Amino acid sequence: MKQTSLEMQNTVYQRIAEYKQMVASDPYRLHYHLMPPIGLLNDPNGFVFFRGNYHIFYQWNPFETAHGAKFWGHYISNDLVHWQEAPIALAPDSWYDKNGCYSGSTVVHDDKMYVFYTGNVKNQYGERESYQCLAISEDGIIFEKMGPIIEVPEGYTAHFRDPKVFQQNDRWYMVLGAQTLEEKGEAVLYSSSNLLNWNFEGTIAGSEKNALGEFGYMWECPDFITLDGQDILLVCPQGLTQKGYDYQNIFQSGYFVGKAELNKATFRHGEFHELDHGFDFYAPQTTTDAKGRHLLFGWMGNAEEEGVIQPTVKYEWIHALTIPRKLTWQNGKLLQQPVEELRQLRTNELRYVNTDLSNMKLEGGEVFEMLLEVNQWKGKSFSMKIGNTTSISYDAITKTLTFERQSFHTNGKLEQRYCVLDSLQSFHIFKDTSSIEIFINHGERVLSSRVFDNLDNKEIIFHVDGMVEATISKWNLTRVTAY
Ligand code: FRU
């Protein structure tokens with residue numbers, strides 16, 4: 001039993017202090033999204049509601065803007081909008097996590113936080129080892145490591161990680177992302193009566209299961225929820241080949257809906273749906289709060305393409321989390337919507353009722369929220385350009401929605417993501433200095449992307465082929481991030 005080493009923490013805090021001004025001077029520093037104080041952030045971890053506060057942890061390499069031996073950074077909030085930075089929760093300072101305290105989850109039991117994470121180890125031969133580990137916190141601030149509780153079972157490679165723990169019918173369950181020795185991705189299930197001793201129950205979904213066919217060489221970051229009687233397995237398969245508008249990013253993030261019998265380790269499910277159609281979304285994690293809401297944070301990033309450098313790297317930081325979203329199941333669909341609490345950020349409301357969008361122009365396109373409800377559509381197509389290069393357009397003939405941004409390559413070419421949409425009823429946009437999240441038709445489709453546009457051009461310009469009438473509400477959003 002060992003506490004996070006103070007020495008390691010001090011080195012991190014010194015580095016934060018040293019670079020604080022430089023990080024703060026980045027014009028692309030976000031105004032209301034969670035970012036690392038320095039270094040690289042990836043997956044949201046351990047999302048939990050504990051004694052009246054939301055806790056979100058994140059994969060963090062404080063030493064570089066690249067992946068490495070991950071820490072768990074930690075933020076706390078009572079309203080999902082104003083976040084306080086908490087001390088480092090986990091540091092890679094033990095033999096079983098020395099190359100990274102990888103992703104995992106938190107549950108509350110006996111008024112304590114139980115944190116499950118993957119200890120990533122490179123052994124003396126350079127081979128990977130994975131240990132599912134437990135850490136316990138009495139106060140939600142200091143975490144005491146209890147060490148490994150699960151080792152990789154037979155039949156799997158060391159790509160065995162990202163425990164997500166939940167409770168059903170008085171039993172604890174854990175889903176884990178796995179790779180079989182045949183290099184097929186799977187989600188496997190464990191169960192426990194006390195959170196300390198775990199039984200391997202089997203595979204609940206995977207390339208070889210339920211006639212899914214070839215479906216990736218590794219599944220990361222699984223999560224399991226029940227929404228309105230529907231069992232939903234969220235998972236991030238790696239190695240899917242792009243098919244038309246499906247799987248446009250390097251790694252995917254999506255879900256299967258079906259019926260699970262966890263006590264028999266079975267899950268009958270339908271096809272895979274992507275959660276997000278933008279460029280930057282991966283490794284989401286959910287929790288439920290005191291209001292019974294299912295909330296989700298995602299990493300607003302994805303694996304880096306070779307040779308692509310995001311502009312924030314010059315300022316010693318990279319990546320952010322999405323805004324928190326609420327998940328609901330309505331009319332046979334999984335909807336994602338921004339949490340209501342974000343309304344606190346609104347200032348300077350502009351409202352246009354039943355306006356013809358042709359050639360409409362608005363100011364204030366840097367950091368804003370916009371709700372656009374289509375009242376009458378007699379158009380062939382519609383587009384909305386924000387700044388110099390970011391745009392969203394919809395073609396009613398091909399039923400295609402296109403999101404376009406300038407790529408981060410030095411060549412600066414425009415690049416696109418597409419999705420199919422039967423009709424366009426509404427847009428709900430959250431734009432920050434260097435990100436955009438677009439919720440379409442009340443959260444039926446979401447597109448999340450980082451955008452690094454010229455910050456001087458703050459115009460929003462609409463173009464319509466035909467006639468589109470809409471009601472628009474737009475707000476500027478207040479800055480809540482400390483720097
Ligand atoms: C997903 C992931 C996880 C792993 C973590 C390491 O982005 O690869 O599978 O636990 O990141 O930072």
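Whatever order the structure lists ligands and atoms in, that order sets their numbers, starting from 1. In this text, all values refer to a predicted model and were calculated from it rather than measured experimentally. Residue indices begin at 1 and follow the sequence shown.
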Worksheet entry | His67 N/O to ligand 1 N/O under 3.5 Å | no
Worksheet item: Do any nitrogen or oxygen atoms of Trp299 come within less than 3.5 Å of a nitrogen or oxygen of ligand 1?
Response: no
Discussion item. Side chains of Gln238 and Glu220: any donor to acceptor distance under 3.5 Å?
Written reply: yes
Worksheet item: Would you say the side-chain atoms of His33 and Glu437 include a donor-acceptor pair closer than 3.5 Å?
Response: yes
Response to the item:
So the atoms of ligand 1 within less than 4.0 Å of a heavy atom of Asp162 turn out to be 3 (C), 4 (C), 9 (O), 10 (O)
Worksheet item: Can you list the residues that meet the side-chain contact (heavy atoms from CB on, under 4.5 Å) rule with Tyr19, with sequence neighbours excluded?
Response: Arg15, Met22, Val23, Ile38, Glu316
Worksheet item: Judged by modelled atom types alone, do Ser449 and Arg405 share a side-chain donor-acceptor pair under 3.5 Å?
Response: no
Item to complete: Identify, for atom 6 (C) of ligand 1, the protein heavy atom at the shortest distance, and state residue, atom and that distance.
Response: Gln59 OE1, 3.2 Å
Discussion item. Is there a polar contact, in the sense of an N or O pair closer than 3.5 Å, between Lys70 and ligand 1?
Written reply: yes
Discussion item. Side chains of Ser407 and Glu415 only: does a donor on one sit below 3.5 Å from an acceptor on the other?
Written reply: no
Response to the item:
among protein heavy atoms, the one nearest atom 1 (C) of ligand 1 is Asp43 OD2, 3.0 Å
Worksheet item: Is Asn42 near ligand 1, meaning one of its heavy atoms is under 4.0 Å from it?
Response: yes
Worksheet item: Are any of the N or O atoms of Tyr282 closer than 3.5 Å to those of ligand 1?
Response: no
Worksheet item: Which ligand 1 atoms does Ser103 reach within 4.0 Å, using its non-hydrogen atoms?
Response: 5 (C), 10 (O)
Discussion item. Once ring-ring contact (aromatic ring centres under 6.0 Å, His included) is applied, do any residues pair with His428, and if so which ones, sequence neighbours excluded?
Written reply: Phe430
Worksheet item: Taking atom types as modelled, is there a side-chain donor on Arg417 or Asn249 under 3.5 Å from an acceptor on the other?
Response: yes
Item to complete: Specify the protein heavy atom at minimum distance from atom 8 (O) of ligand 1: its residue, its atom name, and the distance to 0.1 Å.
Response: Glu220 OE2, 2.8 Å
